[in-house]
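Beneath this line is the structure, given in structure tokens, with notes to follow.
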Amino acid sequence: MTDVSSVSANMSSLPANASSASANMSSVSASANTSSVSANMIEVSGLTKAFSGGTLAVGGLDLTFEAGRRHAVIGPNGAGKTTLLNLIAGELRPTAGRIRYNGRDVTRTSRVKRSRLGIARTFQQPTVWSTLSVADNIALAAWPHSKVRGKWRRGRYRSLSESCERYLETAGITALASRPAGALAHGERRMLDIGMALAADPRVLLLDEPAAGLTDQGVERLLTAMRALPEEVTVVVVEHDFAFVAAIADTVTVLQDGKLLATGTPTEIAADAAVRTAYLGESGAVPDAVEEVV
Amino acid sequence: MFSSRVSVRLRAAVAVGAVTALAAAGCSSSTSSKSSAKGDAPINIGLITALSGSNQALGPDHLNGFQLYLDTHNDMLGGHKVTLKVGDEANGGAAAVPVAKKMIEQDHVLAIAGIVATPTIQAVVPIATAAGVPVVNTGGRPTVKDVSHLWTMSFMSTDPGSSMGPYMAQNVPGSVYAFGPDYQGGYDQLRGFTEAYTKAGGKLANDGGKATFTPFPNTTDFTPFLSKVKASGAKAIYCFYTGQNAIDFVKDWSQSDAKDIPLYAAGFITEGGALKAEGQAAAGIITTMNYSPDISSAANRQFVSAWSQKYNGEAPPATAMYSWDAASVLDQAIAKAGPNPTPDAVNAAIKGMGQIDSPRGTWQLSADTHVPVQKWYLRKVEMDGTALANVKIGDLATIGS
Amino acid sequence: MGAINTHFVPALDGVAYGLLLFVAAAGLTLLFGIGGVLNIAHGTLFALGGYLAASVSDGSWSSAFLGLAVATVGGTLGGGLLAAGTLPLADRGHLPQALLTFGLSLVGADVLTTVYGTDEHPVVIPKSVNGTVQIFGHVYPTYRLMFIVVASVLALAGTYVLGRTRAGALLRAAADDREMVGAMGYAPWRVHAALCGAAGALAGLAGGLGAPIIGPGPDTADKVLMLSMVVIVLGRPGSVLGAFGAAIAVGEIETLGVSISSNWAPYLLFGLMAVALVVRTFRGSSAVGAGAAAGAHA
Amino acid sequence: MRIPAVLLSRPVRIGVPGAVLAVFLLIAPSSFDGYGISLMSKALALGVLAVSVSILAGYSGLPTMGQAAPFLVGAYTAGVMSTHGHTVGVLQLLCGTLVAAAFAAATGLVAIRTRGVAFLMTTLALGELTVTAAGEWRSLTGGTDGMYGITPIQPLPGMAALSSDRSIYWFVLTATAIVIAVVWWVLRSPVGKLLLACRDHEARMRSAGHPVTRYQWLAYVAAGALAGFGGVLMCTVNAYVSPDDGSFSNSALVLLAVVLGGATSPLGALLGAGLIVATQDWLSGPFPGHGPLLLGLMFIVAVYALPDGVAGIRFRAPKRRGGPA
């Protein structure tokens with residue numbers, strides 16, 4: 001399990017060819033796994049996003065992400081994975097369809113409000129406030145979610161900052177605390193981005209390709225951080241790296257051309273013929289990592 | 001990496017500083033006054049005029065008239081060699097405050113001449129008055145609270161209109177449509193006209209019986225305003241415009257529905273450069289002015305010939321004449337103020353001045369308002385030789401109190 | 001009928017004035033909308049064109065055409081200078097360019113008044129178009145009527161060039177995505193220089209054509225800049241058709257608007273401009289915003 | 001040549017120029033005449049305006065071309081108070097600041113909706129509207145001639161009126177020092193970090209749950225209040241207010257001052273304003289009418305020579321409706 005990065009290199013080079021895959025879609029229905037006791041944390045129905053120029057990034061998607069579980073969303077490039085995250089986080093407004101969060105309709109809720117309701121996210125391109133220090137980045141990310149009053153005062157802010165030290169530790173960037181975030185290397189910046197998402201004390205954590213560009217060590221740390229997350233936090237990870245997905249996910253959702261292709265446990269997905277054809281390539285040659293999981 | 005960024009910044013700051021220092025060096029060398037005094041101790045005179053900003057078309061005449069007097073009088077006023085300190089009032093008002101302060105505090109000027117725009121007067125006069133320095137003003141004159149140190153060579157802003165009002169009431173067979181620009185000088189000019197005109201029995205053709213004010217300085221197209229004139233049935237137009245507004249108004253008038261309706265105006269509309277730019281469009285415009293280059297007097301001949309010699313045979317505009325008079329008044333007042341003139345002594349000497357012999361004829365300063373009591377002339381734009389000129393066709397009233 | 005009669009000339013004049021503003025603003029909207037350069041010195045190029053045309057005009061047709069040619073060439077050279085000045089700033093977004101061109105406009109104004117003096121320069125136009133014509137019982141200047149025709153032809157030509165030619169397609173592509181033009185094999189600096197030159201040429205030509213209406217004088221540059229800014233904001237930067245509509249609207253406000261209610265005229269233009277800016281952003285598809293994005297991401 | 005690290009440490013980088021400036025401001029008046037002193041007063045008043053622009057453009061990523069508008073509102077408030085006999089300086093400062101804040105609160109609702117160049121143009125349009133209104137509202141503002149002969153103020157009730165340029169200078173310097181200290185203190189607090197973060201990456205702030213629009217509106221109001229404070233000081237210095245004080249070119253000049261001063265440095269903005277006043281009113285003295293030329297050259301030099309100062313004024317990342325991912 002330690003040699004994940006080399007596997008991910010293999011995976012990403014797979015052809016994303018999937019023309020005749022939808023035939024088998026009903027074989028893996030979205031409701032197959034919803035028999036568990038936990039409530040649906042995120043529920044999207046008929047979710048559609050069309051961009052100017054007519055590109056349909058997400059087309060009539062029906063999905064549920066159960067509370068307290070680790071979900072992964074995979075699929076070839078252009079499948080609509082990041083768009084789905086952006087729609088859930090409120091960065092984008094859907095063209096049609098509804099999004100429910102914890103039983104509440106948030107389709108038209110602003111991203112600020114959604115963040116305050118407990119949806120936190122990281123970005124494909126790690127996004128930080130570059131002129132501020134790493135510690136300040138974490139503290140400002142925690143700010144809207146902290147119950148401390150009067151944070152604009154120096155003393156209160158300092159105590160907020162101190163209470164955030166554990167996120168620095170979790171992300172493994174304690175040593176960088178006083179560096180300006182703009183001066184960080186790519187991997188460090190990604191860990192900071194994740195630390196910022198954790199600092200928001202989320203109920204739903206949306207991670208957009210968190211392992212991309214990380215060293216082995218970084219991936220290891222990321223996995224540790226994710227395992228250390230409280231049970232009740234719902235995690236949705238968009239990821240190319242199937243090995244990584246297999247290592248953390250309870251359920252895997254496969255998207256293709258903005259539509260749902262399959263849902264299941266990593267094992268089921270790895271074994272699914274339609275997924276193999278669509279995502280893993282015509283040849284059906286399954287990389288070691290997948291076999292290992294199976 | 002960080003240190004190199006800082007050093008770039010330092011170097012750049014040093015570069016900017018060096019430019020500043022160079023320019024400062026340049027200015028300090030150019031300000032060193034040439035004190036080759038013949039006669040008494042050299043004196044400084046300030047001249048504030050618009051050399052940039054929205055009034056810059058009017059500025060140079062103020063400067064050139066004063067300079068011409070100095071050129072023809074051996075650079076002397078009242079027997080003292082004069083250094084002229086020129087300042088830019090730019091858009092008027094706030095920009096002129098430091099200019100005036102510099103003249104008073106640093107150059108120790110004996111008097112300040114010039115000033116184009118009325119806001120500049122309002123900003124400068126309190127400062128000069130507090131310092132006891134007389135202001136010999138050559139632009140239009142608004143109402144000012146304390147006139148103890150303000151002496152106007154031109155006219156009260158209401159005067160041109162006051163001189164034309166009764167004439168038009170008698171000679172225009174019907175109502176008159178009145179226009180002006182939307183700023184204080186415009187209101188004063190039009191108030192002068194409408195009050196005198198209605199008092200003499202005239203009736204304005206404008207909607208609501210009040211003069212129309214066009215947005216300033218953004219109006220470039222007067223056609224829509226002029227198309228209302230025709231509809232109103234007015235028999236004549238009276239307007240006050242200067243600079244670019246004047247040129248645009250005249251051009252638009254000459255090609256509009258209102259082109260058959262005679263245009264009367266305060267004289268600035270066809271003064272100097274404006275008349276050149278308007279060309280044939282200005283033919284036939286009747287104006288009121290306290291000056292016309294064709295007045296026959298010794299003083300005027302001297303002035304006109306000096307001006308046309310220096311400026312390619314052109315006729316001098318009235319503004320240059322006011323400035324010439326400002327220099328002439330200062331010349332006499334400084335002479336009277338003794339060998340070591342002080343601003344106070346000059347101010348007192350101006351106050352005691354009686355009749356002033358000027359290219360425009362003789363005039364004197366009103367004891368109350370410190371504005372000329374003078375004769376106004378009726379002029380018409382006609383061919384004079386090969387070029388259009390403001391030709392005197394009659395006398396209007398003598399105005400001033 | 002009475003009202004139509006009263007407002008006929010202002011309405012017609014609004015078209016002429018609007019078309020003048022369109023020609024004046026066309027270069028600015030191209031350069032800003034497509035090239036991402038907010039050129040505060042645009043009015044200065046217009047004034048330069050006017051001065052140049054005025055300096056050669058003597059009332060003959062040949063001098064009139066020579067004037068237009070000289071004005072266009074002068075504007076193009078000015079645009080070239082602008083290109084050279086802004087090229088090193090290409091990666092630094094809008095603000096440095098705006099500050100630079102503001103500085104250039106201050107310097108340019110000083111140079112123009114030093115060379116040409118502070119008096120307005122008359123343009124002597126050929127006798128046959130210097131008179132007036134009768135339209136429905138109203139007197140109207142021949143030149144403005146001719147201007148309406150000429151400017152309409154220019155507008156059509158511009159629309160054709162942008163819509164139907166290869167150069168136009170390239171420009172539209174550049175407006176959408178400047179990196180793509182690079183990918184198509186055109187050096188970015190060439191596209192930049194061509195845009196600046198074309199915008200300068202348009203400004204110079206507009207100055208020469210418009211000189212008999214907005215004469216070249218010390219105020220001309222500021223006036224044309226402000227009105228052009230209003231036009232490009234109302235019409236969306238980069239959109240020739242939008243600029244056309246906006247220019248006619250501004251022309252009508254400046255003529256018909258003041259003829260109906262001169263009290264509100266001073267507020268109307270900038271009020272509309274602010275509203276347009278805000279409404280655009282509300283709709284979330286701000287062309288200005290996208291321009292800023294292009295600048296920020298370039 | 002490497003600069004020793006100690007010279008780059010924060011206390012040295014800010015403390016040394018700060019100390020030099022403080023000494024200059026305290027010592028210089030004794031060797032200057034009234035003209036020089038009043039120029040320094042003017043530079044301080046304009047400097048307060050420049051600091052307000054630095055809060056917006058440098059800290060909040062809102063490059064404004066209309067900050068002269070609240071400045072004008074503050075100046076007119078002081079002028080109107082004077083004509084009604086309220087000549088206590090502290091009271092004028094308080095009221096001018098409050099009225100300008102109210103003005104900014106209203107106009108901010110409009111301006112804050114826009115981004116980048118659109119914000120630049122919106123503030124420009126709002127500024128032009130304000131100048132127009134100042135010229136038209138004759139009963140209150142005295143129209144285009146402005147308000148003149150404004151009565152000298154008394155700093156506090158019961159004190160003597162400030163009659164000399166020198167006494168006005170000390171009043172202006174004291175007021176400026178206090179307000180700059182407050183601004184400094186606030187910007188160095190977590191509030192400054194919030195603004196910088198909005199400037200760095202607005203979208204990330206929203207994703208993190210920060211009400212960015214509210215922050216920026218508050219910054220806009222605070223900057224407006226500060227500009228109003230500067231306007232009152234300018235009215236005190238000039239004893240004159242006219243619509244021209246609110247002109248587009250004033251707004252552009254203070255933006256230049258901020259660029260010269262390094263975008264996020266209140267002290268730098270103050271110095272930049274000083275440089276501009278020196279150029280406009282003092283250097284251009286021997287070349288009357290060519291002040292704009294010198295300023296124009298300064299703009300050009302600044303853009304090329306001080307890229308950091310310009311880059312510090314960053315446009316807010318506009319709302320991007322991204323393409324398919």
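Each chain gets a letter, A, B and so on, in the order its sequence line appears, and its residues count up from 1. Only this structure's heavy atoms are used, side chains among them; waters, hydrogens and symmetry mates stay out.
- By number of non-hydrogen pairs under 4.5 angstrom with chain B, the leading residue of D:Asn238, D:Val277, D:Asp245 is D:Asn238.
- Interface summary for chain B: among D:Leu293, D:Ile150, D:Asp244, the most heavy-atom pairs under 4.5 angstrom belong to D:Asp244.
- We find that D:Asp281 and B:Lys102 are not joined by a salt bridge, their nearest charged nitrogen and carboxylate oxygen being 4.0 Å or further apart.
- Of all the listed residues (D:Gly142, D:Ser38, D:Gly135), the one sharing the greatest number of non-hydrogen pairs under 4.5 Å with chain B is D:Ser38.
- When atom types are taken as modelled, the side chain of D:Thr144 and the backbone of B:Gln184 share a donor-acceptor pair closer than 3.5 angstrom.
- Only the side chain of B:Val97 has a heavy atom closer than 4.5 Å to any heavy atom of chain D.
- Taking each heavy atom of B:Ser52 and D:Gly289 in turn, the nearest pair found is CB-O, 3.8 Å.
- Heavy atoms closer than 4.5 Å to chain D are found nowhere in B:Ala90, neither backbone nor side chain.
- When all heavy atoms are compared, the tightest approach of D:Tyr35 to B:Pro98 is CE1-O, 3.1 Å.
- Between atom OG of residue D:Ser242 and atom CG of residue B:Asn91 there is a gap of 9.0 Å, rounded to the nearest 0.5 Å.
- Of the listed residues B:Leu63, B:Asp182, B:Ile104, B:Ile127, the one with more heavy-atom pairs under 4.5 angstrom with chain D than any other is B:Asp182.
- Inter-residue side-chain proximity for D:Ser284 and B:Asp88 is flagged as unmet; no heavy-atom pair is nearer than 4.5 Å.
- If you run side-chain hydrogen bond (donor to acceptor under 3.5 Å, both in side chains) between D:Asp145 and each of B:Thr118, B:Thr143, B:Thr120, only B:Thr118 comes through.
- Between the D:Tyr240 side chain and the B:Pro119 main chain, a donor and an acceptor come within less than 3.5 Å of each other.
- For chain D, no part of B:Asp146 is nearby; none of its heavy atoms comes within less than 4.5 Å.
- If you measure heavy-atom distances from D:Glu136 to chain B, the contacts under 4.5 Å come from the side chain alone.
- Heavy-atom distances place the side chain of B:Pro126, and not its backbone, under 4.5 Å from chain D.
- When atom types are taken as modelled, the side chain of B:Glu105 and the backbone of D:Gly34 share a donor-acceptor pair closer than 3.5 angstrom.
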